[in-house]
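Per chain, numbering begins at 1; letters A, B, ... match sequence-line order. Quick caveat, the model's predicted, so the values are computed rather than measured. Quick note: numbers below take in every heavy atom, side chains included, and nothing from hydrogens, waters or symmetry partners.
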Protein chains: 2
Amino acid sequence: MAPRPASKPAEPSDKVGLICRALRRAIIEQALAPGAKLPEDSLGERFGVSRTIARHALGQLAAEGLVELRRNRIAVVATPSWQEARDAFDIRIELERLVVRQLAGKLTKAQIAELNTHVDAEDRARDGSDAVSIRLATEFHILLANMTNSPILVRYVSEVAYRCCLTLSLYSRPHSSECAINEHRAIIAALVKGDEAKVMSLMHSHLDSVASRALVAPAPQRGRDLLDILAPYAEEGERVVKLPKVVRAR
Amino acid sequence: MAPRPASKPAEPSDKVGLICRALRRAIIEQALAPGAKLPEDSLGERFGVSRTIARHALGQLAAEGLVELRRNRIAVVATPSWQEARDAFDIRIELERLVVRQLAGKLTKAQIAELNTHVDAEDRARDGSDAVSIRLATEFHILLANMTNSPILVRYVSEVAYRCCLTLSLYSRPHSSECAINEHRAIIAALVKGDEAKVMSLMHSHLDSVASRALVAPAPQRGRDLLDILAPYAEEGERVVKLPKVVRAR
DNA sequence: TGCGCCTCAATTGCATGCAGTTTGAGGGCC
DNA sequence: GGCCCTCAAACTGCATGCAATTGAGGCGCA
């Protein structure tokens, strides 16, 4: 009967989940820009785990669409096309309308307080880095989703919100999120009031305006240049031709 | 300049994907019922790969919600609660309304033919096993999603459709999918006609009726007995008390 | 007979090792 | 000077091995 000095329930470890969370956060804060390389070794070394674990984590993130995995190639942070970004926002709108529909008039006092606290934090971070603002704004939506107590809805909203975050860093140049905060407050108010239709419409226009502010030009306005421009021309997505290489006759 | 005898594009291998697809199919055809154990060794042996690969595949399926992974325990086919099933259908309704909204009036002749062919196959399978009927019905919806050319939408619709499939095997007893086939035909007709509002409403009522036919009773009507019944009483989802074990005073 | 403890086979968590593929940098050739 | 070829380093794909945890059967005790 060893004294068992509280070493039993210690760490559930879950190293994979740890790495996933870290990478997710790094990605949405743009510490890792789209296209950034993610070699298994480096990740493993950085997090003090073996390649096996890093690899597994990359697999999970790829399933979420945050990472692109090509066989025998280094994993990279996903670079969604403009169309994919638009699609993600469309899906997000529907999912989040569902969230607020379920939540309207059903929030507890504690939940309302939590939401207000969060928006206050958004307010305070307004002068900080854009990255933090974006993260907080995203987390507001995830916080809402969490309150539905529907694990599935939480997962989908989180995933698609992260993806949208990713596209923001790709396609929106200056990022103006100030007004978004007021829209968050309006959503909370409508939720408390219990006006289902109103809050659904608010959420719709909120996300729609974020999307349209961000996804302005279908034409890539400058970033990543050649790669992006050539992407649509690579038929099967397989191997874009190098730079000055001309495809010559067989 | 080797002749390169077409050995280059041969097998991309992708053993993980292979196993995932196989398991997914086995699950939705109810060859693997909810709660079925999925030991890594056995899977690896069965598919001729190492545990590493089997493990990775299980991780992917867990991310999709088809498999439950508990630390240090054997993976099992997911057993969604009744509430989760209901949530999945709610999400599915919104996603598939989006699908048909995007598709209304935009189908090519080839696509229409493909859809009709599929429904014909559903018709022919009507006398076969329920499992095949369910699979075909699900694949109809995934086929629709595919036609949106939105990879994200395809992924979410597929996932949530598989999850719903899973719940059908749990909560619906006899399964009556005959009328569903006619509803599929009606949806195709409305899509061709291009009536957005009509087709969205059709899809809504179609899925709603499938859900309500399947998810009849919030009370577990019989299956899996004690485990299911006790589940809601396990506060943190952690470790349901054994059978005749009484929690005694400290 | 029944209840609890103990032990051990089964199984997972994770790291490491080896083989095959890709990358990109240098050198030779035009 | 530019192109191509070659080769080695870097990296991924996968299997295997070892330690830790689980849970199930067996043994002892009441």
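Summary of the strand contacts: Arg70(A) and Pro39(B) both lie near DNA chain C, and taking for each the nucleotide with the nearest heavy atom, the more 5' one is attributed to Pro39(B). With DNA chain D read from its 5' end, the first of the two nearest nucleotides for Val49(B) and Ser42(A) is the one closest to Ser42(A).
Screening residues 134-155 of chain B for ring pair (Phe, Tyr, Trp, His ring centres under 6.0 Å), with sequence neighbours left out, gives Phe140(B)-His184(B), His141(B)-His184(B), His141(B)-His206(B).
When each of Leu43(A), Leu66(A), Val16(A) is checked for a side-chain contact (heavy atoms from CB on, under 4.5 Å) with Leu58(A), only Leu43(A) meets the rule.
Atom P of nucleotide dT22(C) and atom CG of Leu69(A) are separated by 15 Å, given to the nearest angstrom. Separating the CG atom of Leu18(B) from the P atom of dG13(D) is a distance of 16 Å, rounded to the nearest angstrom. Rounded to whole Å, the distance from NE2 on His56(A) to P on dT12(C) is 13 Å. Counting to the nearest Å, the P atom of dT12(C) and the CD atom of Glu68(B) are 15 Å from each other. Nucleotide dA10(C) holds its C1' atom 16 Å from the CG atom of Leu38(B), rounded to whole Å. Rounded to an integer number of Å, the gap from Ile74(A) CD1 to dT21(C) P is 17 Å. Atom-to-atom, CZ of Arg55(B) to P of dC14(D) comes out at 16 Å; the value is rounded to the nearest Å. Protein atom CG of Asp41(B) is 16 Å distant from nucleotide atom P of dA9(C), rounded to whole Å.
Donor-acceptor pairing under 3.5 Å, judged by distance alone, is absent between the side chain of Arg73(A) and the base of dG13(D). Judged by distance alone with a 3.5 Å cut-off, a donor-acceptor contact links the side chain of Arg51(A) to the base of dG13(D).
Under a 4.0 Å N-O distance rule, the pair Glu64(B)/Arg24(B) qualifies as a salt bridge.
Nearest to the side-chain atoms of Lys15(A) among the listed nucleotides dA15(C), dT21(D), dT21(C) stands dA15(C). Taking the side chain of Arg71(A) as heavy atoms from C-beta on, and the options dG13(D), dG13(C), dA15(C), the nearest nucleotide is dG13(D). Distances from the side chain of Asn72(A) to the nucleotides dT21(C), dG13(C), dT11(C) place dT21(C) closest.
Judged as a side chain to side chain contact (heavy atoms under 4.5 Å, CB included), and not counting sequence neighbours, the contacts of Ser81(A) are Gln83(A), Glu84(A).
Side-chain contact check for Val157(B) versus Leu98(B): every heavy-atom pair is 4.5 Å or farther apart.
Within 4.0 Å of Lys37(A), counting heavy atoms only, lie sugar-phosphate atoms of the nucleic acid but no base atom.
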